[in-house]
K.L.:
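One structure is given below, represented as structure tokens, and several questions about it will come after.
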Amino acid sequence: MAKKNSEATKIWKIFLERIRDKYKLVILSEQTFEEKLSFRLSRLNVFVLVSLLSILLVFITAYIIAYTSLKEYIPGYTDVSMQRTIYELQIRSDSIERALQANQNYLKDLALVLGGNLPDERQQNVNDTVRKDYSKISDKRSKEDSLFRLDLLTMKTDTLWKNERFASGASFSPDGSQLLFTGGAEAFEGIGLNIKPGQTANSYDTQAFIMDIATRKVDPITKNFNPSVNSATWNKKDNLIYLRAEEKDCEYMYTYNPKNRKFTRLPLKEELIRSFSVADKELTAAYVGSSTSNSRRAYLLDLKKMNSVLLADPYAEKLSKMTLGEVKDWNFVSSGGDTIQGRYYLPPNFDPNKKYPLVVYFYGGTSPTQRTFETTYPLHVYAANDYVVYTLNPSGTTGFGQEFAARHVNAWGKITADEIVEGTRKFAAAHAFVKEDKIGCIGASYGGFMTQYLLTQTELFAAGVSHAGISSISSYWGEGFWGYSYSAGASAGSYPWNNKKMYIEQSPLFNADKVKTPLLLLHGTADTNVPPGESIQMFTALKLLGKPVELVLVEGENHAIYDFEKRIGWNHTIYAWFDKWLKGDDSWWKELYPEK
């Protein structure tokens, strides 16, 4: 055994000696045989050198392939952007193929229908749709939101609430231990509800809540507070919550003290507060507001003394050159026992011994007709055209408490119309200067619906104006950008298939034969809220019935008319219509719309 190991060692030594043997590589000149260059190399040197060169070559080759376009030639390899492009093109081609197939199916079906040959299996499908069960459809009147608290140091999140449908607008208390947020009264299993049994809360009547973050306990601080909250801010300096709230036809500022749970209205100079900002380090605030007979003005408020200092009144000079009529409050008690709030505008240079035609303005679609000076429907301007103008806030309006606002849901004219008619009759009877046989009415959007609906219920009015009004609740429900979302609140739980009575009987279109009052329908052709078809179909119905009706479409305008020239023409159309039917003077109307 030892002999074999010795032989192996000897062979290994011989091998190492041989590979280490030096060889001389000489480069000679061919002509002179002079030595130009020589190398002394061993077999080991050659092996190591060739190995290193091979490794270097492999590395360079891999680098070139990886970082140049050569990689595109490798089978199966594709650039990410190219893969995305190919994928998108494939989707588009599939979509085109499906569209072509659908078009072919449509043409086949059209040919069958024109030929009177509807296949039996398709007729069966039509019948099946009638028998489908829709009872499991959930009425989600608000999207489900979740709220998380993020620790910016650890980047960990804490779930404050999950899948809550009626909460929004959250902010921390000054010490970070509580959360102030707004939302519908139905938030957190209806903890803030203050309505009668059988009522559904008006989702447009916004409430305020405070959550204790440690215990997750929610306090509905405005549950018994009638105004509807528009904004809420928790101030660091005095630890009070400042609420801008819609109260009847005004918009006031309130403070809420979390310690004694009391609300206090701030004694500000305007009836409508449009913006309010509290200083971070001082008890000072700035606000902008307006009232029934003046434009927006800016003030600085000392929160300790509650003194307001006027900062700017940019329209004072212009208004000083105008003569505005007087505005007076006028409320009445309805047959249902409710006090319905309203006000009226008198013409400039009003003569109490003279008889004036009356224009009644309303909305009814849950927001109050506020004491606004600048508005799309300028009541002072109507009065300046020698009309007495009466506006009111009937049942369903926000800012009067939850129960009052909840009357809007699934009403679509009920109660609201009765109160408008009752209020108009009582107002005319109480004011000897009103011509009781020359009363016009005007409303827009839901108010336009109310105009149309009223004219199917009463002959009280001598003329009506509906701008962007809804004529069919079902077609509005399925159209426009707002139809379904607005109906989810106004028609909560009601659909065309489970409440046909409301969708048909409350729709003016289905009662067009009852209209006897001249009606002017106005609509923007680009209305994405209430599509113009709502006015067009009502116009068609009334024309077929031989009723006095006119339709004016304002080209390119949306839900409201904002183009200056078009807005002037639109306003003139309204004034001319009322002059024609309430004053018996159609000259302005004929000038605007000559007979063909």
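Values below: all heavy atoms of this structure, side chains included; hydrogens, waters and symmetry mates excluded. What you see is a predicted model; the values in this text were computed from it and never measured.
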K.L.:
Gln402 and Asn194: which non-hydrogen atoms are nearest, and at how many Å?
P.N.:
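Closest approach of Gln402 to Asn194, heavy atoms only: OE1-N, 2.9 Å.
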
K.L.:
Who are the ring pair (Phe, Tyr, Trp, His ring centres under 6.0 Å) partners of Phe400, not counting sequence neighbours?
P.N.:
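Here the qualifying residues are Phe404.
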
K.L.:
Start with the C-alpha distance between His523 and Phe539, add both sets of side-chain angles, then the distance that settles ring-ring contact (aromatic ring centres under 6.0 Å, His included), and finish with yes or no.
P.N.:
CA-CA 11 Å; His523 224 118; Phe539 173 76; over 10 Å; no

K.L.:
Just one of Tyr252, Phe209, Tyr254 clears the ring pair (Phe, Tyr, Trp, His ring centres under 6.0 Å) bar with Phe225, so which one?
P.N.:
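That would be Tyr254.
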
K.L.:
Is it the case that more than 12 heavy atoms not belonging to Glu374 sit under 6.0 Å from its CD atom?
P.N.:
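More than 12 heavy atoms, drawn from other residues, nucleotides or ligands, come within 6.0 Å of this atom.
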
K.L.:
Thr456 and Asn511: side-chain donor and acceptor closer than 3.5 Å?
P.N.:
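There is no such pair (donor and acceptor under 3.5 Å, judged by atom type) between the side chains of Thr456 and Asn511.
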
K.L.:
Tell me whether Lys355 is salt-bridged to Asp437, with the criterion being a basic N under 4.0 Å from an acidic carboxylate O.
P.N.:
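Result for this pair is no, no salt bridge flagged.
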
K.L.:
For residues Asn558 and Asn529, is any side-chain donor paired with an opposing acceptor at under 3.5 Å?
P.N.:
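No, no side-chain donor-acceptor contact under 3.5 Å.
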
K.L.:
Salt bridge or not between Arg297 and Glu270? Use side-chain N to carboxylate O under 4.0 Å.
P.N.:
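Salt bridge present between Arg297 and Glu270.
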
K.L.:
Check Asp386 with Lys354, please: is the shortest side-chain N to carboxylate O separation under 4.0 Å?
P.N.:
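Looking at Lys354 and Asp386, the cut-off is met.
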
K.L.:
Sequence neighbours left out, what passes side chain to side chain donor-acceptor pair (under 3.5 Å) with Ser445? Give chain and number order.
P.N.:
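With neighbours one apart ignored, the set is His559.
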
K.L.:
Is a side-chain donor-acceptor pair under 3.5 Å present for Gln341 with Asn393?
P.N.:
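Their side chains do contain a donor-acceptor pair, which is all the 3.5 Å distance test asks for.
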
